[in-house]
Amino acid sequence: ICPNWEKFINDTFSTDFARQLVKAMFRWVLAPKKNEKFKCEAIFQLQGAPGMGKGTLLDVLMGLLGENSYAIFDSQSLESKEGRHDYLSKQALINPDYKGHFSSKAIGALNAIASNEPVSVRSLYKNGNNARLGAVVVMAFNETPRVSQDSKDGLARRSVLLPFKNPPKVKDKSLSGTLASELSGIFNWAWSIHEDVAIDIIDASRLHEDFDEERKQTLQESNTVYGWLTDKHPDGFLEPSALTGLYQFYRQWCDEVGLKHPLGRSNFGKELIKGGAKTVCDKRTGKHYYKIPPSDQLNVQGLMGLTRPK
């Protein structure tokens, strides 16, 4: 039905699970949505170097949707009621090459859209209102976008990472056109799994071992506490250490790498706990100290907001 598409998928992704995830993503994006909170809260993130196939995959997805059923989004339009108004009646919000920074306001809008919760919209020169957009968010990038540290948890919890790691053996400049002729077969390929099965695959991907390496790399780039520990203290702090001293080390590292918006002390302590740090109370003084495991034993899932610290 779509032999060139299936060859592209097999060449681009090395594992069966990654290929199933692509199918699940297409199934969920194309599925009709009800005007209610989504069963699947996902922000699909296509990650990889240029020339790895991200653009080709998005060309096919946009071809299946049709030009009136998707919108190209950016951080600025996410932040404004007028910008979000343009997203009404779209099945997907797509950015084929995201660069830059997500502000707290943009992340708040992204999280709400991914859940299909009401967001404020307004047509120019008219009164605003709240509406569910009913759109699925798909974005591609070469480098992990910078994220405001005070609002990253919701984004991390909804993120579905799809790494592109296999460079094509031969670059085919006509591939997108070839695949456009197979759109009806590709639609049937995506529709061959039930929507509930697709959602199960998407949910499983957040913890799947196939993406462990990319998940840790993304976390290192987006989570400053994880980045600090893996960069400066890979052996952790096995002896109980005061939060004040740990925070000073963290802030020094932030200055060294030019981070403009480090975490405050309270949120810094919370991130340590999410990452698997244990607190020890000095019974004599009542003060709490932190024992931090080596970086290869940190709770990556906790830092991504996928599990709650015990």
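Remember, predicted model here, so these are calculated numbers, not experimental data. Values below: all heavy atoms of this structure, side chains included; hydrogens, waters and symmetry mates excluded. Residues take their numbers from the sequence shown, with the count starting at 1.
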Novice: Can the ring centres of F268 and Y250 be said to be less than 6.0 Å apart?
Specialist: yes

Novice: Tell me whether R84 is salt-bridged to E79, with the criterion being a basic N under 4.0 Å from an acidic carboxylate O.
Specialist: no

Novice: Look at the side chain of Q47 and the backbone N and O of F164, then say whether any donor-acceptor pair between them is shorter than 3.5 Å.
Specialist: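 Absent.
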
Novice: Taking all non-hydrogen atoms of both residues, which atom of A18 and which atom of F13 are closest, and how far apart?
Specialist: CB-CB, 3.9 Å

Novice: Using the six-membered ring wherever Trp is involved, compare the ring planes of F249 and H233 and label them parallel, tilted or perpendicular (cut-offs 30° and 60°).
Specialist: tilted

Novice: Between D11 and K7, is the closest basic N to carboxylate O distance under 4.0 Å?
Specialist: yes

Novice: Begin with the C-alpha distance, continue with both residues' side-chain angles, and end with the deciding distance and a verdict on side-chain hydrogen bond (donor to acceptor under 3.5 Å, both in side chains) for N166 and T12.
Specialist: CA-CA 5 Å; N166 298 341; T12 304; over 6 Å; no

Novice: Using modelled atom types and a 3.5 Å cut-off, is there a donor and acceptor pairing between side-chain atoms of N130 and backbone atoms of P118?
Specialist: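 No, because the side chain of N130 does not come within donor-acceptor range (under 3.5 Å) of the backbone of P118.
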
Novice: Consider only side-chain heavy atoms of I, L, V, M, F, W and Y, link residues closer than 4.5 Å, and tell whether L263 and V257 are in one cluster.
Specialist: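 Yes, because L263 and V257 connect within a single hydrophobic cluster, where side-chain heavy atoms sit under 4.5 Å apart.
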
Novice: Can K54 and N142 be said to form a side-chain hydrogen bond (donor to acceptor under 3.5 Å, both in side chains), step by step?
Specialist: CA-CA 10 Å; K54 304 188 300 297; N142 303 328; 3.2 Å; yes

Novice: Would a single hydrophobic cluster contain both I199 and L161, if residues Ile, Leu, Val, Met, Phe, Trp and Tyr are joined by side-chain heavy-atom contacts under 4.5 Å?
Specialist: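 No; I199 is not reachable from L161 via cluster members.
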
Novice: Are any of the side-chain nitrogens in K39 or D196 under 4.0 Å away from the carboxylate oxygens of its partner?
Specialist: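 Here K39 pairs with D196 in a salt bridge, since their nearest N and O are under 4.0 Å apart.
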
Novice: May I ask you to decide if the ring planes of W5 and F8 are parallel, tilted or perpendicular, using 30° and 60° as cut-offs?
Specialist: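 Tilted: the ring planes of W5 and F8 meet at 30° to 60°.
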
